[in-house]
Amino acid sequence: QMQLVESGGGSVQAGGSLRLSCVFSYPYLPPCIYWFRQAPGKEREGVASFYTRDGSTSYSDSVKGRFTISLDAAKNTLYLQMNSLKPEDTAIYYCAMDVYVVGGSCRPLRDHERDYWGRGTQVTVSS
């Protein structure tokens with residue numbers, strides 16, 4: 001049974017850092033794992049993706065240069081290191097994955113459909 005469990009959220013002041021974790025369970029390492037977020041009253045936003053076959057990553061423009069996605073395959077854990085946090089980063093952060101992709105790359109972050117989702121972890125950044 002597929003399961004994704006996020007942790008590491010919390011409250012931090014602007015300029016601070018947090019590291020989110022997502023522990024996932026699946027019979028094999030899925031090709032693509034993602035971080036999304038959703039702020040109150042806003043649409044879900046793709047934050048970062050990790051293509052496990054070659055380690056390539058992609059980021060939304062809003063977090064590029066501040067956030068880093070990484071994977072510890074031995075621990076089945078995906079991370080999101082978030083630095084220089086801003087109040088506009090406040091949201092529920094979700095881990096998601098695709099168990100099948102075409103074309104040798106992850107789906108674009110603007111595409112919000114994914115095969116499996118976690119329940120999310122809250123991140124609050126105060127000014």
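Note that the structure is a prediction, hence the values are computed from the model and not measured. By convention here, the first residue in the shown sequence is residue 1.
- Across all their heavy atoms, C32 and S105 have their closest contact at SG-C, 4.2 Å.
- Under the 4.5 Å side-chain contact rule for hydrophobic residues, L29 and V99 share a cluster.
- The side-chain heavy atoms of I69 and L78, taken from C-beta on, include a pair separated by under 4.5 Å.
- Nearest heavy-atom pair, G9 versus T121, reported as atom, atom and distance to 0.1 Å: N-OG1, 3.2 Å.
- Using a 4.5 Å heavy-atom cutoff, the side chains of C95 and I33 are in contact.
- Atom CG of D98 and atom CD of E113 lie 10.0 Å apart (nearest 0.5 Å).
- Around the CZ atom of R119, the shell of radius 6.0 Å holds no more than 12 heavy atoms that belong to other residues, nucleotides or ligands.
- Within the 4.5 Å cutoff, side-chain heavy atoms of S62 are placed close to those of E45.
- Checked by atom type and distance alone, the side chain of R66 pairs as donor or acceptor with a backbone atom of S84 at under 3.5 Å.
- Taking hydrophobic clusters as Ile, Leu, Val, Met, Phe, Trp and Tyr residues chained together by side-chain heavy-atom distances below 4.5 Å, L80 shares a cluster with Y116.
- No side-chain donor from either of T124 and T90 sits under 3.5 Å from a side-chain acceptor of the other.
- Side chains of T77 and L71 form no contact here, defined as non-hydrogen atoms less than 4.5 Å apart.
- Not counting sequence neighbours, the partners of Y28 by the ring-ring contact (aromatic ring centres under 6.0 Å, His included) test are Y26.
- Residue pairs meeting the salt bridge (charged side-chain N to carboxylate O under 4.0 Å, His left out) criterion with at least one member in residues 69-78, sequence neighbours excluded, do not occur.
- Residue V102 shares its hydrophobic cluster (ILVMFWY side chains chained together at separations under 4.5 Å) with Y100.
- Contact check for K86 versus V125: no side-chain heavy atoms found under the 4.5 Å cut-off.
- Q122 CD to I92 CD1: the interatomic distance, rounded to the nearest 0.5 Å, is 5.0 Å.
- With rounding to the nearest 0.5 Å, the separation of CG in N76 from CZ in F24 is 4.5 Å.
- V12 is connected to V63 through a chain of hydrophobic side-chain contacts under 4.5 Å among Ile, Leu, Val, Met, Phe, Trp and Tyr, so both are in one cluster.
- In this structure, CZ on F50 lies 9.0 Å from SG on C106, to the nearest 0.5 angstrom.
- Using cut-offs of 30° and 60° on the angle between ring planes, the pair Y93 and F67 is tilted.
- The cationic atom of R19 (NZ for Lys, CZ for Arg) lies less than 6.0 Å from the six-membered ring centre of Y79 and within 45° of the ring axis.
- The distance from the CZ atom of R110 to the OG atom of S60 is 13.0 Å, given to the nearest 0.5 Å.
- A cation-pi geometry, defined here as NZ or CZ lying under 6.0 Å from the six-membered ring centre and within 45° of its normal, does not hold between R37 and Y94.
- Taken to the nearest 0.5 Å, the CG atom of L85 stands 6.0 Å off from the OG atom of S17.
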Next item on the list: Would you sort out whether T57 and S49 count as a side chain to side chain contact (heavy atoms under 4.5 Å, CB included), showing the intermediate values?
Entry: CA-CA 5 Å; T57 60; S49 67; 5.8 Å; no

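- If you check the side chains of E6 and S21, you find no donor sitting under 3.5 Å from an acceptor.
- Counting heavy atoms from C-beta on, the side chains of V101 and Y51 come closer than 4.5 Å.
- Side-chain contact check for M97 versus W117: every heavy-atom pair is 4.5 Å or farther apart.
- Using modelled atom types, no side-chain atom of Y34 and backbone atom of H112 make a donor-acceptor pair closer than 3.5 Å.
- At distances below 3.5 Å, not a single donor-acceptor pair connects side-chain atoms of D111 with backbone N or O atoms of P108.
- Looking at T52, its side chain does come within 3.5 Å of a backbone N or O of P31 through a donor-acceptor pair.
- Minimum interatomic distance between A39 and A91 (heavy atoms only, all atoms of both residues): N-CB, 3.8 Å.
- Residues T68 and Y59 form a side-chain contact, since some pair of their non-hydrogen atoms from C-beta on lies under 4.5 Å apart.
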